[in-house]
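Working notes, beginning with the structure itself.
Reminder, nothing fancy here: chain letters follow the sequence lines and each chain counts from 1.
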4 protein chains.
Amino acid sequence: MGSSKQQPRRGNTRQRIQDVALELFSEQGYEKTSLREIAERLEVTKAALYYHFKTKEDILVSLFEDLTRPMDELIAWGAEQPHSLETKQEVLRRYSDALSGAAPLFRFMQENQATVRELSVGDAFKKRMIALFDILKEPDAPLTDQVRCVSALFTMHAGMFALQDVEGDPEEKRKAVLEVAMDLVAQAHGGA
Amino acid sequence: MGSSKQQPRRGNTRQRIQDVALELFSEQGYEKTSLREIAERLEVTKAALYYHFKTKEDILVSLFEDLTRPMDELIAWGAEQPHSLETKQEVLRRYSDALSGAAPLFRFMQENQATVRELSVGDAFKKRMIALFDILKEPDAPLTDQVRCVSALFTMHAGMFALQDVEGDPEEKRKAVLEVAMDLVAQAHGGA
Amino acid sequence: MGSSKQQPRRGNTRQRIQDVALELFSEQGYEKTSLREIAERLEVTKAALYYHFKTKEDILVSLFEDLTRPMDELIAWGAEQPHSLETKQEVLRRYSDALSGAAPLFRFMQENQATVRELSVGDAFKKRMIALFDILKEPDAPLTDQVRCVSALFTMHAGMFALQDVEGDPEEKRKAVLEVAMDLVAQAHGGA
Amino acid sequence: MGSSKQQPRRGNTRQRIQDVALELFSEQGYEKTSLREIAERLEVTKAALYYHFKTKEDILVSLFEDLTRPMDELIAWGAEQPHSLETKQEVLRRYSDALSGAAPLFRFMQENQATVRELSVGDAFKKRMIALFDILKEPDAPLTDQVRCVSALFTMHAGMFALQDVEGDPEEKRKAVLEVAMDLVAQAHGGA
DNA sequence: TATGAATGAGGTTTCATTCAT
DNA sequence: CATGAATGAAACCTCATTCAT
């Protein structure tokens, strides 16, 4: 407390870097966000960033690892359940929750696909998508129903951001998005 | 004619720049594609690009303008039709055609949203999306149906790329995507 | 003519970069010479260096290629001659001439072996040494005579610099160095 | 003793730093070896190095001082002896022994002359060379014989490394090198 | 004896852009 | 219609070093 100009910088710097980085990455994109910018916001030198992370990409990787753990667990759980509609719905419900806990990261992923594709997190992300897709779709579903499942996924990822201009409270939007996704998956499940 | 060793290279350089640029932009992203790279592929100097285009962004703008004209016309037409289901379906059908004629550009738009948002084409793109959305949705549609319309749009844009790993012939995929989009819009129309 | 501050910079920049680089590399070493330093001496920006050379190492490579051509030819010639003492002496004589035409480069090579070993020119240099060694030594020479040949080579490379503190005219020093080298090789030739 | 998981790590850290540093310096060169690298190999932090040595250069200086003491003594002894051939030969013999006890350091000195020249050890090394040279050569020896003495020195320093590719057992190589050096000095002594 | 956290200076490289020819 | 030469800004990253604990 008090007005010491230079507080002793406790052990939270790593976390603060992640916070600022995620904010900037998701606002401006990965390439357009320079380490200088991140450092300046934190009133730290660039070299300090390199004390905590080996490379720029490493910052992103760390964010991804920290924020997508719940999804990993969810997918692992889902993959072991029976392929029933109930399972699928439960997965969607929980996925929706997880998403809103890591919204900025997913906005980032959505809007920086070209960049992310070349990065190691791109692979991880793609694998997750495929795993989810395999949970939602029936083994020999016709093309149309496969599209429905993909569409459900996209709707959940992009829906929130696309609805930013639409008036209404965020929680209601989330429910609406979830409902449409559930619907699509239900149709695909029935149509098999 | 005469004894030119080089390829004919008529007044088509501008076009060739656009072709290569679109290919690279959509493959690697806008920021990761340098003018040097474009120039090298064309076996031309960077300075030559500046004879044909004022800036890097200008290349992108020109691509956008040239390739989205059909959509502009479609939207203008659609906005004047009655808000019937038939109109909406007709718009979706024609939009699907237009999309497959400019697939790389749309892939680019989809995968570089963060970049594009700051550029002038970002605005134009967003306006188009909103215009389309206004054609598809009923004026006072409930949130869920609005999501369905947004979802239909996203499905069309992203569907093709998302289905790259799924086996099947492209034209059939396109039809499947269109069918799901039509379905969503029909539900939204009926549910109003 | 006259005192224009900024002469039009003719097509000699590449050459001037090489000159300055060689001077600095040989004075201070490769790692301790920064591109900033080279650029400043030439009153040019760092980026200009990159117009003419792809990397820092490339500058060195170009120097090596340009300055060691005569040696390559000499070695190629020597390899085809009979293994007589006359051949060996002729090679030494001509090598001594070639060396004094590229003295700064060889001083650099001598004094930056650790650095150069990791660089592509290191390999080229080593190969040349081995080729020369093979010309000078008899196929089954005893170890001592092999050492004499190596020693002759080293004497020629390092001799000039090591004698900097000794008083005397450079041309005479060169002759003395050559004489000792010739002697060593003659002993080795006779001793086989 | 006790249940320490780590290696004993007594008060020998200073020594271990020197060992690793010498290994890396001689393998990669002084500039290319960073303190981070040394610290990592020792599983210690960079700051720990600064507890034992004031600067990076200090590590090198300490190595030099510790490893060249025998030579200092040898040179001091030699300077007081009569300038006879026997003295010279004795000096060479003992120098050869001393060299093989500190081979990596001398390899380092040989291969990093450019770097070392600016450092304090450079001076010390040069002074030693001159002192040795003064022992080996006759006061008014003709240029050629001076070259022979320099050459003898170079042969001993560089010979071992240059012969790495030649087959044969190290101890025999050392003897061959010594023999050639003795020969050169004998010629110089006789020729005066 | 050592570490954790940070700094300041500087390194090489890349980029979009300009302009005289 | 195009090139050759260059620039200024900025990028990512590494290094030796410091200091409170």
Side-chain angles (χ1 to χ4, degrees), chain A residues 6 8-14 17 31-39 42-59, chain B residues 9-14 17 31-39 42-59, chain C residues 6 8-14 17 31-39 42-59, chain D residues 9-14 17 31-39 42-59:
Chain A
Q6 182 99 357
R9 255 196 252 298
R10 304 176 313 269
N12 60 345
T13 304
R14 193 189 144 96
I17 293 172
E31 334 249 9
K32 294 264 287 270
T33 301
S34 70
L35 296 185
R36 180 176 54 66
E37 213 174 345
I38 298 177
L42 290 166
E43 294 183 291
V44 161
T45 54
K46 270 177 292 168
L49 305 185
Y50 280 92
Y51 176 74
H52 293 281
F53 297 95
K54 260 207 321 268
T55 65
K56 185 185 181 186
E57 185 175 346
D58 219 46
I59 301 181
Chain B
R9 195 188 297 187
R10 303 175 309 271
N12 63 346
T13 302
R14 192 188 144 94
I17 293 172
E31 332 252 9
K32 293 260 289 270
T33 301
S34 69
L35 294 187
R36 177 173 59 63
E37 213 174 344
I38 297 177
L42 290 166
E43 294 182 291
V44 163
T45 51
K46 268 184 294 175
L49 305 184
Y50 279 88
Y51 179 81
H52 294 280
F53 298 95
K54 256 204 326 266
T55 68
K56 185 185 182 186
E57 187 176 346
D58 222 47
I59 301 181
Chain C
Q6 180 97 3
R9 257 198 252 297
R10 304 177 314 269
N12 62 343
T13 303
R14 193 188 142 95
I17 293 172
E31 334 249 9
K32 292 263 288 272
T33 301
S34 69
L35 297 184
R36 178 178 55 65
E37 214 174 342
I38 299 178
L42 291 167
E43 293 183 291
V44 162
T45 55
K46 273 177 290 170
L49 306 185
Y50 279 90
Y51 176 76
H52 292 281
F53 298 95
K54 261 208 318 269
T55 66
K56 186 185 180 185
E57 185 176 347
D58 219 45
I59 301 181
Chain D
R9 195 186 298 189
R10 304 174 307 272
N12 62 345
T13 302
R14 193 188 142 94
I17 293 172
E31 332 252 6
K32 293 261 288 269
T33 301
S34 68
L35 296 186
R36 177 173 59 63
E37 213 174 343
I38 298 178
L42 291 166
E43 296 183 288
V44 162
T45 50
K46 267 183 295 174
L49 305 184
Y50 278 89
Y51 178 81
H52 294 280
F53 298 95
K54 256 206 324 269
T55 68
K56 185 185 181 185
E57 187 177 344
D58 222 46
I59 301 181

Between the CG atom in A/L35 and the OG1 atom in A/T55, the distance rounded to the nearest 0.5 Å is 9.0 Å
Considering non-hydrogen atoms only, spot the tightest contact between C/E31 and D/K32 and give its length.
OE2-CG, 3.2 Å
Shortest non-hydrogen separation from C/T45 to C/A39 and the atoms involved
C-CB, 3.8 Å
Any donor-acceptor pair under 3.5 Å from B/K56 side chain to B/T33 backbone
yes
Measure from CD1 on D/I17 to C1' on E/dA2 and round the result to the nearest Å.
11 Å
Return the CD1 to CZ distance between A/I38 and A/F53, rounded to the nearest 0.5 Å.
9.5 Å
Which of the following nucleotides, E/dT3, F/dT7, F/dG4, is nearest to the side chain of B/T45?
F/dG4
Distance, rounded to the nearest Å, where C/L49 contributes CG and F/dG8 contributes P
14 Å
C/K54 NZ to E/dC15 C1': how many Å, rounded?
17 Å
Under 3.5 Å for both donor-acceptor distances, Watson-Crick or wobble: does E/dT21 have a partner, and if so which one?
F/dA2
Rounded distance in Å - CD1 (C/I38) to C1' (E/dG11)
13 Å
Hey, which of these two, A/R14 or B/E57, hits DNA chain E nearer its 5' end, going by closest nucleotide?
A/R14
Reckon D/T13 has a side-chain N or O less than 4.0 Å from the OP1 or OP2 of E/dT1?
no
If you round to the nearest 0.5 Å, how far is CG of C/L49 from OG1 of C/T13?
10.0 Å
To the nearest 0.5 Å, what is the distance between CD1 on D/I59 and NE2 on D/H52?
10.5 Å
What integer distance in Å separates A/L42:CG from E/dT7:C1'?
15 Å
What is the pairing partner of F/dC12, taking Watson-Crick or G-U wobble pairs with both distances under 3.5 Å in any strand?
E/dG11
I need the CG-C1' distance between D/D58 and F/dA16, as an integer number of Å.
13 Å
Phosphate OP1/OP2 of E/dG4 contacted by A/H52 side-chain N/O (<4.0 Å)
no
Output a table of nitrogen or oxygen pairs between the protein and nucleotides 9-12 of chain F separated by less than 3.5 Å.
| from | atom 1 | to | atom 2 | distance (Å) |
| --- | --- | --- | --- | --- |
| F/dA11 | OP1 | A/S34 | OG | 3.3 |
| F/dA11 | OP1 | A/R36 | NH2 | 3.4 |
| F/dA11 | OP2 | A/R36 | NE | 2.9 |
| F/dA11 | OP2 | A/R36 | NH2 | 3.4 |
| F/dC12 | OP1 | A/K56 | NZ | 2.9 |
| F/dC12 | OP2 | A/L35 | N | 3.0 |

Tell me whether the OP1 or OP2 atom of F/dA6 has a side-chain N or O from C/Y51 closer than 4.0 Å.
no
